[in-house]
Each structure stands twice: as structure tokens, then as C-alpha cells.
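Worksheet: the structure to be examined is printed underneath.
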Protein chains: 2
Amino acid sequence: MRAAAALKRFESFLREKNLRMTEQRKAILLLAWDTHDHFSADEIYAWVRDQDASASRATVYRTLALLVEGGFLASLQDARGMTLYEHILGHSHHDHMVCLGCGKILEFRNEAIEALQEQVASQHRFHMVRHELRLEGYCAGCEPPTETEV
Amino acid sequence: MRAAAALKRFESFLREKNLRMTEQRKAILLLAWDTHDHFSADEIYAWVRDQDASASRATVYRTLALLVEGGFLASLQDARGMTLYEHILGHSHHDHMVCLGCGKILEFRNEAIEALQEQVASQHRFHMVRHELRLEGYCAGCEPPTETEV
DNA sequence: CTAGTTGCAAAGGATTTGCAACTGA
DNA sequence: TCAGTTGCAAATCCTTTGCAACTAG
């Protein structure tokens with residue numbers, strides 16, 4: 001989904017909740033749509049500050065929470081447990097491989113795994129609303145550490 | 001694996017790294033083996049304090065990190081993002097369903113999902129060392145929130 | 001107008017760290 | 001003995017919150 005369309009959806013989302021569209025909220029949504037990478041709260045805060053030096057971290061965190069709630073962004077954890085975000089509206093769900101060497105995050109989607117998750121959940125009469133699958137290891141460019149490096 | 005066996009392994013692990021077995025480390029390992037539930041750093045700290053009122057949180061955190069490194073414990077995130085631990089040595093790997101209603105954590109294991117993960121990783125020339133699969137939703141005893149409750 | 005929003009600064013909560021006193025091997 | 005360990009308190013890091021001044025609708 002393009003940024004303009006996402007923005008329209010965000011406006012509807014806010015209207016339905018009797019919340020207001022503000023300059024900061026608009027800027028944060030657009031910045032999130034501008035990157036195809038995963039970003040941290042602090043990174044997007046820096047980008048917001050580039051546009052508006054008076055913006056606060058508080059607003060960034062409040063807006064990120066809204067965007068996650070509305071299904072615009074998804075959050076995930078990087079190798080060190082830090083929260084990262086990515087825009088997902090209009091994108092198909094995917095899972096992540098996190099490289100413990102360089103920190104790079106690879107995305108993948110596997111229909112069979114998705115289907116099996118649904119199956120497992122329903123077997124346990126569990127009403128699944130989301131899931132997170134993270135594979136940790138070393139990407140093609142990074143060697144796993146050897147015994148002696150420990 | 002029984003507590004006594006785990007303790008022996010912990011001793012070997014420490015010896016190999018030129019670290020020492022201490023009363024606190026022993027107590028923490030045994031307490032971790034005493035529960036079949038997931039526990040937080042603060043919970044095990046409270047249990048340690050029951051035995052030795054002078055023990056410190058710092059030691060608990062340091063020891064938990066050691067136990068995770070040695071493959072004695074695994075860590076996972078609960079519904080609120082808090083880190084929980086569980087003892088895993090000698091237990092087969094499993095994944096988790098986290099109830100957003102009551103916080104309960106259900107365990108499951110699905111061979112097909114495990115196999116597919118391996119397959120996906122190797123397709124991407126990714127050397128997987130561990131993975132975490134978490135399904136979030138509502139367990140059989142908890143109703144999903146309705147629209148109006150939001 | 002006025003409920004919702006913001007920036008600020010302070011609070012929060014989990015975890016880590018520096019350090020001097022201890023202790024296991 | 002002496003490198004490794006501990007408890008303490010302070011420090012960190014990320015995130016949330018109270019509040020008075022703003023602002024969208």
C-alpha cells in the first residue's frame with residue numbers, strides 16, 4: 001500500500017476512535033512508510049526530529065502504539081531484545097530470521113508453517129490473534145562463532 | 001533431567017569455563033529445576049531470598065545469563081514483553097501459546113513446523129541456532145474482547 | 001469552544017555495572 | 001593464594017506518565 005493510501009486509512013482509523021490527525025502523527029506514519037527496513041523507536045524519533053526539532057519522544061512512542069493498535073505497524077524483537085517496527089498494512093504477513101552476527105533481519109513467508117500454526121491453535125481451542133516466529137542464527141555472510149572464540 | 005543431574009552438568013559447564021560453583025549458583029539452578037512453570041527473574045529472586053536473605057538481584061541476573069548461555073534455561077517473552085525463563089536441559093524443545101486474557105502460557109510441539117523451519121533456514125543458507133515461535137491469542141477459558149470493550 | 005494532543009521533565013521498571021569486600025579451589 | 005564472585009548502590013536503557021500549554025475540528 002502506498003503512503004497516501006495508508007494515510008487515508010490512518011485518518012479513518014483516528015476518526016472512528018474520535019482521535020485527531022495531527023502533523024506529528026502524519027509525519028510519523030509517512031516516515032514509517034518511507035523505509036522498507038525495520039526501525040526502532042529511537043530511529044524514527046531521529047527522523048521526526050530532522051523535520052521538526054521540537055517533536056518529543058513521548059509523541060513518537062504514543063503514535064507508534066496507535067499505529068500498532070490499528071494494524072499499520074507490527075513490532076518485533078531484534079537479536080538483543082530491542083523492539084523494532086515495520087509497516088505491514090497491505091503487506092502479507094511474514095516471519096523473520098535474525099542474524100546474531102551482523103544483526104541483519106531476513107524476511108520469509110511459508111504457507112505450510114502458517115497453516116500448521118492455525119491447526120495447532122485450533123487443536124488447543126486457542127483463538128490466535130497473531131504470532132511471531134523468529135529464527136536466530138547466522139546469515140550466509142556471517143560465520144557462526146567457533147568454540148575458541150567463546 | 002533430574003535436578004541432581006542438572007547440577008552435575010552445571011558443575012562441568014562452570015569448570016570448563018574456569019568459573020566456580022557457589023552456593024548462590026547452586027541454589028538458583030535447583031530452584032529453576034523445582035518449578036515446572038515459567039518464572040521471571042524477580043520470582044526466582046524472591047525464592048532465592050527465602051533461602052538466603054542476603055542474596056542480591058545482581059547475582060540472580062548474572063546466574064540466569066550463565067544458565068541461558070549454557071543451555072540450561074531458555075528465555076521467552078510473556079504477553080507484556082517481560083522475560084520469563086524455563087528449564088530445558090533434557091526436555092524436548094517446544095513452542096508457546098500466550099493467552100492475552102489471563103497470561104497463561106501453553107506449550108506445544110509440532111514436528112512438522114520444526115522440520116519446515118529447518119528447511120526454510122537452509123533454503124536461505126541461514127545457520128539457525130535457535131528459534132522462538134509464539135502464538136498470541138485467547139485460551140479456551142478466555143473470551144476474545146468484543147468490539148465494544150475496546 | 002473544548003476534548004484531545006503535545007513537549008517537557010520526571011518517573012518507571014527491568015537489567016547491568018563499578019567496586020571493595022569476600023570466597024572457592 | 002588469588003582469580004573469580006558477591007552485594008550494594010548507582011547507573012543505564014527503553015518506555016511511560018503527569019501536567020500545563022496548545023490545537024484540531
Side-chain angles (χ1 to χ4, degrees), chain A residues 7-8 10-29 31 38-70 73 75-85 103 150, chain B residues 7-8 10-29 31 38-70 73 75-85 103 150:
Chain A
L7 194 56
K8 275 214 168 2
F10 191 26
E11 281 166 356
S12 315
F13 171 76
L14 292 172
R15 209 175 305 121
E16 271 172 36
K17 305 199 62 157
N18 280 331
L19 302 178
R20 294 168 186 169
M21 177 53 83
T22 64
E23 285 309 311
Q24 289 91 334
R25 285 177 179 167
K26 190 182 296 184
I28 290 167
L29 178 125
L31 285 166
H38 305 84
F39 54 89
S40 65
D42 226 52
E43 280 167 345
I44 200 166
Y45 169 65
W47 302 335
V48 170
R49 294 283 289 207
D50 285 344
Q51 300 185 1
D52 172 4
S54 72
S56 73
R57 268 199 185 74
T59 297
V60 169
Y61 277 106
R62 288 188 276 233
T63 304
L64 289 174
L66 265 181
L67 290 170
V68 169
E69 183 194 335
L73 300 182
S75 63
L76 64 143
Q77 310 293 122
D78 76 1
R80 289 182 214 69
M82 264 266 297
T83 300
L84 299 183
Y85 300 85
V150 180
Chain B
L7 194 55
K8 275 216 171 355
F10 192 24
E11 282 166 356
S12 314
F13 171 76
L14 292 172
R15 209 173 306 122
E16 272 172 35
K17 305 200 61 157
N18 280 331
L19 302 178
R20 295 169 185 168
M21 176 54 83
T22 65
E23 284 309 311
Q24 289 93 332
R25 286 178 178 166
K26 191 183 294 185
I28 290 168
L29 179 125
L31 285 166
H38 305 85
F39 56 88
S40 64
D42 226 52
E43 278 166 347
I44 200 166
Y45 168 65
W47 302 335
V48 170
R49 294 283 290 206
D50 286 345
Q51 300 184 1
D52 171 4
S54 73
S56 74
R57 267 197 185 75
T59 297
V60 169
Y61 278 106
R62 289 188 274 232
T63 304
L64 289 173
L66 265 181
L67 290 171
V68 169
E69 183 194 336
L73 301 182
S75 63
L76 65 143
Q77 310 292 122
D78 76 1
R80 287 182 216 72
M82 262 265 296
T83 301
L84 299 183
Y85 300 85
V150 181

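Remember, predicted model here, so these are calculated numbers, not experimental data. The chains referred to below are lettered A, B, ... by the order of the sequence lines, with proteins before strands, and numbering in each begins at 1. Values below: all heavy atoms of this structure, side chains included; hydrogens, waters and symmetry mates excluded.
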For the [atom1] atom of [X] and the [atom2] atom of [Y], what is their distance to the nearest 0.5 Å?
X     : Y     : atom1 : atom2 : answer
A:R25 : A:E11 : CZ    : CD    : 12.0 Å
B:Q24 : B:K26 : CD    : NZ    : 11.0 Å
A:Q51 : A:L31 : CD    : CG    : 4.5 Å

> Got a sec, which residues hit ring pair (Phe, Tyr, Trp, His ring centres under 6.0 Å) with A:Y45, two or more places apart in sequence or on another chain?
Replying inline: none

If I take atom [atom1] in residue [X] and atom [atom2] in nucleotide [N], what distance separates them, rounded to the nearest angstrom?
X     : N      : atom1 : atom2 : value
A:L64 : D:dT16 : CG    : C1'   : 13 Å
B:M21 : D:dT6  : CE    : P     : 11 Å
A:D78 : D:dC14 : CG    : C1'   : 12 Å
A:R25 : C:dG4  : CZ    : P     : 11 Å
B:K17 : D:dG4  : NZ    : P     : 12 Å
B:E23 : C:dG24 : CD    : P     : 7 Å
B:L84 : C:dA14 : CG    : C1'   : 13 Å
A:Q77 : D:dC14 : CD    : P     : 13 Å

> Given that B:N18 and B:S54 both sit by DNA chain D, which one's nearest nucleotide is further toward the 5' end?
Replying inline: B:N18

Taking the side chain of [X] as heavy atoms from C-beta outward, which of [options] is closest to it?
X     : options              : answer
A:M82 : D:dC14, D:dT5, C:dG7 : D:dC14
B:S56 : D:dT5, D:dT15, D:dG7 : D:dG7
B:A55 : D:dG7, C:dG7, C:dT6  : D:dG7

Give a yes/no answer on whether the side chain of [X] brings an N or O atom under 4.0 Å of OP1 or OP2 in [N].
X     : N      : value
B:Q24 : D:dG7  : yes
A:T83 : D:dC14 : no
A:T59 : C:dG7  : yes

Could you list the donor-acceptor pairs under 3.5 angstrom formed between side-chain atoms of residues 78-85 of chain B and any protein atom two or more places apart in sequence or on another chain?
| residue | atom | partner | partner atom | Å |
| --- | --- | --- | --- | --- |
| B:D78 | OD1 | B:R80 | N | 2.8 |
| B:D78 | OD1 | B:G81 | N | 3.0 |
| B:D78 | OD1 | B:M82 | N | 2.9 |

> Considering residues at least two apart in sequence or located in another chain, which fulfil the salt bridge (Lys or Arg N to Asp or Glu O under 4.0 Å) criterion with B:D42?
Replying inline: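 Result, salt bridge (Lys or Arg N to Asp or Glu O under 4.0 Å) vs B:D42: B:R57.
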
>> Do A:F39 and A:L73 have side chains that approach each other closer than 4.5 Å (heavy atoms only, starting at C-beta)?
In response: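 Counting from C-beta outward, A:F39 and A:L73 do come under 4.5 Å.
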
> Listed in order of residue number, which residues of residues 39-53 of chain B have a non-hydrogen atom at under 4.0 Å from DNA chain C?
Replying inline: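 Hits under 4.0 Å, by residue number: B:A41.
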
Show every donor-acceptor pair shorter than 3.5 Å between a side-chain atom in residues 60-67 of chain B and any protein atom, with sequence neighbours excluded, or say none if there are none.
| residue | atom | partner | partner atom | Å |
| --- | --- | --- | --- | --- |
| B:T63 | OG1 | B:T59 | O | 2.8 |

>> Closest-nucleotide mapping onto DNA chain C: is B:L19 or A:V60 further toward the 5' terminus? I mean the 5' end.
In response: A:V60

>> Angle between the end axes of the helix from C:dC1-D:dG25 to C:dA25-D:dT1, five pairs per end, to the nearest 10 degrees?
In response: 40°

> What salt bridge (charged side-chain N to carboxylate O under 4.0 Å, His left out) pairs are there with at least one residue in residues 43-53 of chain A, not counting sequence neighbours?
Replying inline: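 Counting only pairs at least two positions apart or across chains, no salt bridge (charged side-chain N to carboxylate O under 4.0 Å, His left out) contact touches residues 43-53 of chain A.
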
Below 3.5 Å between N/O atoms, which protein atoms pair up with nucleotides 16-23 of chain C? Just atom names and distances, please.
none

